[in-house]
Amino acid sequence: MRETVNESPVPFRGGGFRPIPVRGAGLGLFVLLILLIEWGTRAGWISKLTLPRPSDVAATLAQLYKTGLLWEHMVPSLTRLAVGSALGITAGIGIGVLIGLFSLIRAGLIPLVAALFPIPKIALLPLFVIWFGIDEGSKYALIAFGTFTPTVVSTYGAVDNVDRTLIRMGQSFGLKWWSIVRKIVLPGALPGILSGLRISLSIGIILLVAAEMLGAQHGIGAYILEAGSLYDLERLFAGVVILSALGVLTSTLIGLAEKRLLVWRN
Amino acid sequence: MDLRIENLTHRYGGMAVLSDIDLTIPEGRIVCIVGPSGCGKSTLLRMIGGLERADEGTVLQQGTPPAGCLNPLTYVFQDFALLPWRNVAGNIALVLEDHGLPRNDQHRIIADVLARTSLTDFARALPRQLSGGMKQRVAIARALAVNPAVMLLDEPLSALDAQTRELLMDDLVQLWTRQPFTAVYVTHNLAEAVRLGHRIVVLSRRPGKIREIVEIDMPLQDRHAGDDTLDAHQAHLWQLMRQEAEAADKELANA
Ligand SMILES: Nc1ncnc2c1ncn2[C@@H]1O[C@H](COP(=O)(O)OP(=O)(O)OP(=O)(O)O)[C@@H](O)[C@H]1O
Ligand SMILES: [Mg+2]
C-alpha cells in the first residue's frame, strides 16, 4: 500500500516579463481621462482656468471644420511638414548610407553630425530667416535640418547592424558591389531606417509648430500661438488635439509601411 | 580543376594560426578538414576561397573551371546565410542575377537545383518558414546553381540536430554520386568526415599544422553508419585528435 504523503501541485513560477497586446486598453484609458476631466469641469472641482471642458474643445473643433478655417491652417502646415521632412529624410538616409558604407566619409561626418545633433534647431531660426527668407524657405529648412540629423544617425546605425555574414555571402558569390548594396545592405537596413523615421517625423512636427509660432499667418502653430496669447483655452486645446492627431497619423502611416515592406520578419 | 595550397602561414596579431599548410584538393573528390576548436580551419577555408589574404603562401587554381561555371569557389556557410527578405527561389536567383543570363536560363537553373535538392514545392517559401535542415538545403541548392569548381563547406551541418544531419549527409552523398563535385568540407564531427571524405586532413591544435592525411577508398554510396572499416578509421582519427583537443581545451585564451 502506498504511504500517504503530503501532495501539492508544483507552484507556477514562470510567466510575466513579456508584453502581450491588450486590445482597447489605450483607447479606454484615453476615454476615461476625458470623461474625468469633463466631469471635473462640470462639477467645478477643476476650475475653468486650469483646463477647458472637453466638450467645449470638441465644439471648437467642429466650428473650425464648419467655417473652413481648419483647412486654412492644416494645408500650409501639412505642406511645410511634407516638404521639409521629405528634404531632411531623403538627405538623411542618403548621407547615413554613405557613412555606413565608406570609412572615410564615416570618419569625417560622424563627429560633424554629433556636433549638429544637440543644437536646438529653433535657436537657428533667425539664421535660417536670413539664409532662406522670411517666408516658407526658412520653415522648410528648419524642419529639414531637424529631421536630417536623427535620420542620419538611425540610418548609419541600421547599416552597421546589417548581418555581416550576409555581406560575406554576397562577396563569396562574386556579386557586384552595387548588387550587394541594393540587394543586401539596403533591405537589411530598412527595419532600422523605418523605426528611425518615427522619431524624425515627431521631431518634424515639433519644429513645424515652433517655426509657425515664430512667424506665420496660417498654420496650426500660428493658431495655437494666437489662442495662447488670448488665453483662449478651448482653441489652444483644439490646436493641441490636431497636433496629436497628426502624430498618430504619421506613426500609423509608418506602421503600415512596416507591415507592407517587412513581411519577411517574424 | 584542382586546388593547390602551398606553404600557407598566417597569424592574427602575434598569434600564429596556421603554419606551413601544404595540401592538394583533387578534382571530383571531397577533402575533409578536421581539427580541434580554434586551430584555424575556418581561417584556412576563408583563404582557400579568397575571402582573406594569408601572410605567406599561396592558393593556386590548376586547370580551368567546368563549362558554365559562374563562381569557381563557392561557400556553404554554417549559419546558411540566406536573405530573409527573399523566398527560396529568390535566394537562388540572387547569385545568378549578376551574370547577365537570359531569364529562361535563370529559371531553368533554379528549377534544376531545386529538383536536385527536393525543394521544388518550397520555391515560394520565405526562410523564416523553413526548418534548419531545409534552410541548409536551400544554401546547397544556391551553391549548386553557380556550378562551382570547388565547394567550400564550413561545418554545414553543425547547426542541425542529429537526425537532420543524417538526412542531409545522405543527400550530399546522393548529389555527389549522381554528379561528382569537388569539395573542401570542414567539420568537428568525425562521423561526418568518414562518411563524406575521400581524403581527411587532420590539423593539430593552434597553430594549425597538418598532422596526418587519411585516405578512404570506399565509394561514398557504400558507406553506412556502423560499417567496420569506417569505425576503424574514425577510431584512428579520434586517437589523433584526442590529445590535440585535450591540450587545446586547457590552453588559456591569448596565453
Ligand atoms: N579575424 C580574426 N581576427 C583575430 N583572430 C581571429 C580572427 N579569426 C579567427 N581568429 C582566431 O584564430 C583562431 C582560429 O580561428 P578559426 O575560426 O579559423 O578556428 P576554427 O578551427 O574554425 O575553430 P572552430 O572549430 O571553433 O570553428 C582562433 O583562435 C580565433 O580566435
Ligand atoms: Mg570554424
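The chains referred to below are lettered A, B, ... by the order of the sequence lines, with proteins before strands, and numbering in each begins at 1.
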| request: Of all the heavy-atom pairs spanning A:Leu166 and B:Pro84, show the shortest one and how long it is. | output: CD1-CD, 4.1 Å
| field | Check against side-chain contact (heavy atoms from CB on, under 4.5 Å), A:Phe173 and B:Arg142 | value | CA-CA 10 Å; A:Phe173 276 96; B:Arg142 177 178 64 188; 3.7 Å; yes
| Check: A:Lys176 side chain, B:Asp98 main-chain N or O, donor-acceptor pair, under 3.5 Å | yes
| query | Counting only heavy atoms not in A:Leu256, do more than 12 sit closer than 6.0 Å to its CG atom? | reply | yes
| Pick from A:Gly174, A:Ser179, A:Pro187: which one has the most heavy-atom pairs with chain B under 4.5 Å? | A:Pro187
| note | Comparing A:Asp163, A:Thr165, A:Ile184 against chain B, the one with the most heavy-atom pairs below 4.5 Å turns out to be A:Ile184
| task | State, to 0.1 Å, how close A:Trp264 and B:Arg128 come at their nearest heavy-atom pair, and which atoms those are. | result | O-NE, 3.1 Å
| Has B:Gln179 got more than 12 heavy atoms of other residues, nucleotides or ligands less than 6.0 Å from its CD? | no
| field | For the student: nearest non-hydrogen atoms of B:Leu51 and A:Gln171, plus distance | value | CD2-CB, 4.4 Å
| task | Could you check if a side-chain atom of A:Met169 sits within less than 4.5 angstrom of a side-chain atom of B:Tyr75, using non-hydrogen atoms only? | result | no
| message | A quick test of your reading: do over 12 heavy atoms of other residues, nucleotides or ligands sit less than 6.0 Å from CZ of B:Arg103? | response | no
| Per-residue contact mode, B:Asn87 against chain A (heavy atom under 4.5 angstrom) | neither
| remark: Whatever's closer than 4.5 Å to a heavy atom in chain A on B:Asn71 counts as side chain
| request: To the nearest 0.5 Å, tell me how far B:Trp85 CH2 sits from A:Leu261 CG. | output: 13.0 Å
| With a 4.5 Å heavy-atom cut-off, do A:Arg168 and B:Arg46 have their side chains touching? | no
| What part of B:Leu73 gets closer than 4.5 Å to chain A, counting heavy atoms only: side chain, backbone, both or neither? | backbone
| note | Assert top hit (heavy-atom pairs under 4.5 Å, partner chain A, pool B:Val95, B:Leu82, B:Leu126) equals B:Val95
